[in-house]
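See below for the structure under consideration.
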Amino acid sequence: MEHHHDHHHAPASFNRMFILGIALNAGFVAIEAFFGWQINSLALLADAGHNLSDVAGLIVAWGGLLAGGLSADARHTYGWKRASILAAFANALFLLMAMGALMWEAFGRLGSQAVPDGYTVMWVAGVGVIVNTLTALLFMRGQSHDLNIRGAFLHMAADALISAGVVVSGALALWFGWGWLDPVVSLVIAVVIVVGTWGLFRQSLHLLFDGVPHTVSLPDVHAYLVALPGVEQVHDLHIWALGTSEVALTAHLLIPSGCPGDAFLMDLATTLRQKFGIHHPTIQIETLPADCGCHQHFLLGK
């Protein structure tokens, strides 16, 4: 039996980004809640509550990133990498729940004719646009490579959009006295955010159940392995995510002539990493056909 592991180092630390993002948003929540209470603006109070859930989401995402960096031990041989997937799922769930609460509040206010102090609403929400945009920019660099960081990025980008909508609705309500505009704008923004977040929710849930990451095509990997010199059959091929930025693979290769050697395994691992983004392959070489209870080869080919 031959094994080969090519470990992938964790992504660059985002500790400072998370600390700064949490501090900025916690401070803004306090400001928004205070002025929302002062002028009796449900829009600002609701947005403050939503931003408070965002602070919690950032804390969860940061915790998942930290847990994913913990070393493996005798009881957790893969470490705590799965925590980053859990954090991404929780982040998406928090955002969907927050949008549900926002939509409920908006529906309840559709018949209201009350117009809040537009000037206060505009400048407080304007601060929110700046804070949330800056926080989203902190995570832009890593969001394309790590699902957990992407969750934090989407969360803060969504907040910036919400705050911008509050600014616009405050201005229009001030100029035209439209009390119904605020809940309508809130509903539109909530729908846009739910549509954008649904993909993150589905993807993180998929990974929690050891689904093949969307960045990897299992049939393509199988075709590559079965085309290797000397390989007659590939079975027990499994691909799953260890965390939000690391993919693992196990496979049995039937090579009647025996293991071609370490150079073969090294080249195989390099190709899996460079072509398919798989950084943790485990390959078992077999010289005789074996029925290991996995009939995947009947579905994928020889």
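This structure is a prediction, so every number in the text was calculated from the model and none was measured.
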**Item:** Minimal non-hydrogen separation, Gly126 against Val167, with atom names
**Value:** N-CG2, 3.4 Å
**Message:** In terms of relative ring orientation, are His235 and His252 parallel, tilted or perpendicular, with 30° and 60° separating the classes?
**Reply:** perpendicular
**Item:** Contacts of Asp220 that satisfy side chain to side chain donor-acceptor pair (under 3.5 Å) - sequence neighbours left out
**Value:** Ser217
**Asked** Other than Trp104, what residues sit in its cluster of Ile, Leu, Val, Met, Phe, Trp and Tyr side chains whose heavy atoms are under 4.5 Å apart, directly or through others?
**Response** none
**Message:** Under the criterion side chain to side chain contact (heavy atoms under 4.5 Å, CB included), I'd like the reasoning laid out for Val234 against Leu254: C-alpha separation, chi angles, the key distance, then a yes or no.
**Reply:** CA-CA 6 Å; Val234 176; Leu254 176 61; over 6 Å; no
**Asked** Under the side chain to side chain contact (heavy atoms under 4.5 Å, CB included) criterion, do Val231 and Leu225 qualify, and how do the steps go?
**Response** CA-CA 8 Å; Val231 175; Leu225 292 175; 5.9 Å; no
**Complete:** In short, Ser204 meets Ile85 closest at the heavy-atom pair O-CG2, 3.6 Å
**Message:** Suppose the criterion is salt bridge (Lys or Arg N to Asp or Glu O under 4.0 Å): which pairs have a residue in residues 88-104, not counting sequence neighbours?
**Reply:** none
**Asked** Where is the tightest heavy-atom contact between Phe153 and Ala136, given as atom of each residue plus distance?
**Response** CD1-O, 3.2 Å
**Prompt:** Just by distance, with hydrogens left out, do Gln203 and His214 show a side-chain donor and acceptor under 3.5 Å apart?
**Reply:** yes
**Asked** With Leu86, which residues qualify under side chain to side chain contact (heavy atoms under 4.5 Å, CB included), at least two apart?
**Response** Leu208
**Asked** For Phe94, which residues count as a ring-ring contact (aromatic ring centres under 6.0 Å, His included) partner, sequence neighbours excluded?
**Response** none
**Prompt:** Taking side chain as C-beta onward, heavy atoms only, is Leu268 less than 4.5 Å from Leu253?
**Reply:** yes
**From Leu249 atom CG to Leu237 atom CG, the distance as rounded to the nearest 0.5 Å** = 5.5 Å
**Message:** If you define the side chain from C-beta out and look only at heavy atoms, does anything of Phe28 sit under 4.5 Å from Val127?
**Reply:** yes
**Contacts of type side chain to side chain donor-acceptor pair (under 3.5 Å), residue His206, not counting sequence neighbours** = none
**Prompt:** Can you name the residues that form a side chain to side chain contact (heavy atoms under 4.5 Å, CB included) with Thr135, not counting sequence neighbours?
**Reply:** Leu24, Asn25, Leu58, Val131, Phe139, Met156
**Request:** Please name all residues satisfying salt bridge (Lys or Arg N to Asp or Glu O under 4.0 Å) with Asp210, sequence neighbours left out, ordered by chain then number.
**Result:** Arg82
**Asked** Taking only residues two or more places apart in sequence, or in another chain, which ones meet Thr250 in a side chain to side chain donor-acceptor pair (under 3.5 Å)?
**Response** none
**Hphob cluster co-occupancy, Ile130 + Val55, side-chain heavy atoms under 4.5 angstrom** = no
**Fill in**
Those residues at least two apart in sequence (or on a different chain) that pass side chain to side chain contact (heavy atoms under 4.5 Å, CB included) with Ala223 are none
**Request:** Evaluate side chain to side chain contact (heavy atoms under 4.5 Å, CB included) for Tyr224 paired with Leu272, printing each intermediate quantity in order.
**Result:** CA-CA 9 Å; Tyr224 161 71; Leu272 288 175; 4.1 Å; yes
**Prompt:** Which atoms form the tightest heavy-atom contact between Phe89 and Leu205, and what is the distance?
**Reply:** CE1-CD1, 3.8 Å
**Asked** Can you list the residues that meet the ring-ring contact (aromatic ring centres under 6.0 Å, His included) rule with Trp198, with sequence neighbours excluded?
**Response** Phe201
**Item:** Contacts of Ile31 that satisfy side chain to side chain contact (heavy atoms under 4.5 Å, CB included) - sequence neighbours left out
**Value:** Phe35
**Item:** Interatomic spacing from OG in Ser163 to CE in Met122 - rounded to 0.5 Å
**Value:** 13.5 Å
**Prompt:** Is there a side-chain contact between Val221 and Ile278, using heavy atoms and a 4.5 Å cut-off?
**Reply:** yes
**Request:** For Thr133 and Ala160, work out which heavy atoms get closest and say how close.
**Result:** OG1-CB, 3.6 Å
**Message:** Do Ile239 and Phe276 make a side-chain contact, defined as non-hydrogen atoms from C-beta onward lying under 4.5 Å apart?
**Reply:** no
**Prompt:** Would you call Arg273 and Thr270 a side-chain contact if the rule is heavy atoms closer than 4.5 Å?
**Reply:** yes
**Request:** Write down the atom of Pro256, the atom of Gly230, and the distance for their closest heavy-atom approach.
**Result:** CD-O, 3.8 Å
**Asked** Under a 4.5 Å side-chain heavy-atom rule over Ile, Leu, Val, Met, Phe, Trp and Tyr, are Tyr119 and Val129 clustered together?
**Response** no
**Message:** Count I, L, V, M, F, W, Y as connected when their side-chain heavy atoms are under 4.5 Å apart, and connections chain through other members. Are Leu134 and Leu161 then in the same cluster?
**Reply:** no
